[in-house]
Colleague: 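Before anything else, here's the structure in question.
Quick note: numbers below take in every heavy atom, side chains included, and nothing from hydrogens, waters or symmetry partners. A quick note: this is a predicted structure, and the numbers were derived from the prediction, not measured.
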Amino acid sequence: MDTALFDAFNRRDQARLAAIFSKDLEFYHDKGGLSHYEQSLQNTRHLFERNKTLTRQLVPGTMQVYPVKDYGAIQTAEHKFCNAESGKEECAVFKFLHIWKRTDGAWQLTRVVSYDH
């Protein structure tokens with residue numbers, strides 16, 4: 001699911017992101033505060049509008065996934081965001097924690113904690 005999430009982000013596929021995000025999503029950002037489903041989609045849309053070349057990549061070797069009994073999984077990792085709009089690529093690495101819920105065979109992202117910005 002992380003690959004699907006990264007792919008949707010990098011393709012700016014708002015419909016796919018909306019399907020991956022749970023309707024009860026809580027997104028905690030150390031600089032931006034708490035946002036919920038609709039706010040998170042709106043924030044992502046604005047991010048795409050401001051940063052036309054922004055991409056997100058998983059930092060190899062950083063991902064860890066832990067099952068959560070009768071719920072889903074906890075994922076931690078680092079991701080690198082790169083933006084090439086200024087004529088040269090600028091990148092920064094941040095940490096994140098995702099909580100995934102498995103319902104009827106489908107995975108949805110219910111909690112996001114994005115930090116170390």
Colleague: Report yes if some heavy atom in the side chain of L5 is under 4.5 Å from a heavy atom in the side chain of W100; otherwise report no.
Modeller: yes
Colleague: Hey, could you give me each pair passing side-chain hydrogen bond (donor to acceptor under 3.5 Å, both in side chains) that has a residue in residues 9-20? Not counting sequence neighbours.
Modeller: D7-R11
Colleague: What is the minimum heavy-atom distance between C82 and K80, and which atoms define it?
Modeller: SG-CG, 3.8 Å
Colleague: Just verifying a value: how many Å separate K52 NZ and L47 CG, rounded to the nearest 0.5 Å?
Modeller: 10.5 Å
Colleague: Quick one: are H36 and E26 in side-chain contact, heavy atoms under 4.5 Å?
Modeller: yes
Colleague: According to a hydrophobic-cluster definition based on side-chain heavy atoms being under 4.5 Å apart (Ile, Leu, Val, Met, Phe, Trp, Tyr only), do I74 and M63 belong together?
Modeller: no
Colleague: Could you report the tightest heavy-atom contact between N51 and N83, atom names first, then the distance?
Modeller: OD1-ND2, 2.9 Å
Colleague: Using distance alone, with no hydrogens and no angle criterion, decide if Y115 and K95 have a side-chain donor and acceptor under 3.5 Å apart.
Modeller: no
Colleague: Establish whether F96 and L41 are linked, either directly or via other cluster members, by ILVMFWY side-chain heavy-atom contacts under 4.5 Å.
Modeller: no
Colleague: May I ask you to test the F48-F9 pair for a side-chain heavy-atom distance under 4.5 Å?
Modeller: yes
Colleague: Under a 3.5 Å distance rule, please check whether T62 uses its side chain to pair with a backbone N or O of E78 as donor and acceptor.
Modeller: yes
Colleague: Assigning hydrophobic clusters by single linkage (Ile, Leu, Val, Met, Phe, Trp, Tyr; side-chain heavy-atom cutoff under 4.5 Å), is L97 placed with Y28?
Modeller: yes
Colleague: So how far is it from L25 CG to Q39 CD, rounded to the nearest 0.5 Å?
Modeller: 9.5 Å
Colleague: Which label fits H79 and F94: parallel for a plane angle under 30°, tilted from 30 to 60°, or perpendicular past 60°?
Modeller: perpendicular
Colleague: Between S22 and T110 (side chain of the first, backbone of the second, donor and acceptor by atom type, cut-off under 3.5 Å), is there such a pair?
Modeller: no
Colleague: How close do Y37 and A18 get, counting heavy atoms only, and between which atoms?
Modeller: OH-O, 3.1 Å
Colleague: Would you mind reporting whether V93 and V59 have side-chain heavy atoms less than 4.5 Å apart?
Modeller: yes
Colleague: Tell me, please, which residues at least two apart from H29 pass ring-ring contact (aromatic ring centres under 6.0 Å, His included).
Modeller: H117
Colleague: Kindly indicate whether the side chain of I20, heavy atoms from C-beta on, has any atom under 4.5 Å from the side chain of M1.
Modeller: yes
Colleague: On a heavy-atom basis, which atom in L58 and which in F6 lie closest, and how many Å separate them?
Modeller: N-CE2, 2.9 Å
Colleague: Looking only at heavy atoms, what is the nearest atom pair of W107 and A73, with distance?
Modeller: CZ3-N, 3.8 Å
Colleague: What's the separation between atom OG1 in T44 and atom CZ in F21, rounded to the nearest 0.5 Å?
Modeller: 5.0 Å
Colleague: State, yes or no, whether a side-chain contact exists between I99 and Y71 at a heavy-atom distance under 4.5 Å.
Modeller: yes
Colleague: Are side-chain heavy atoms of R111 and D24 found at a separation under 4.5 Å?
Modeller: yes
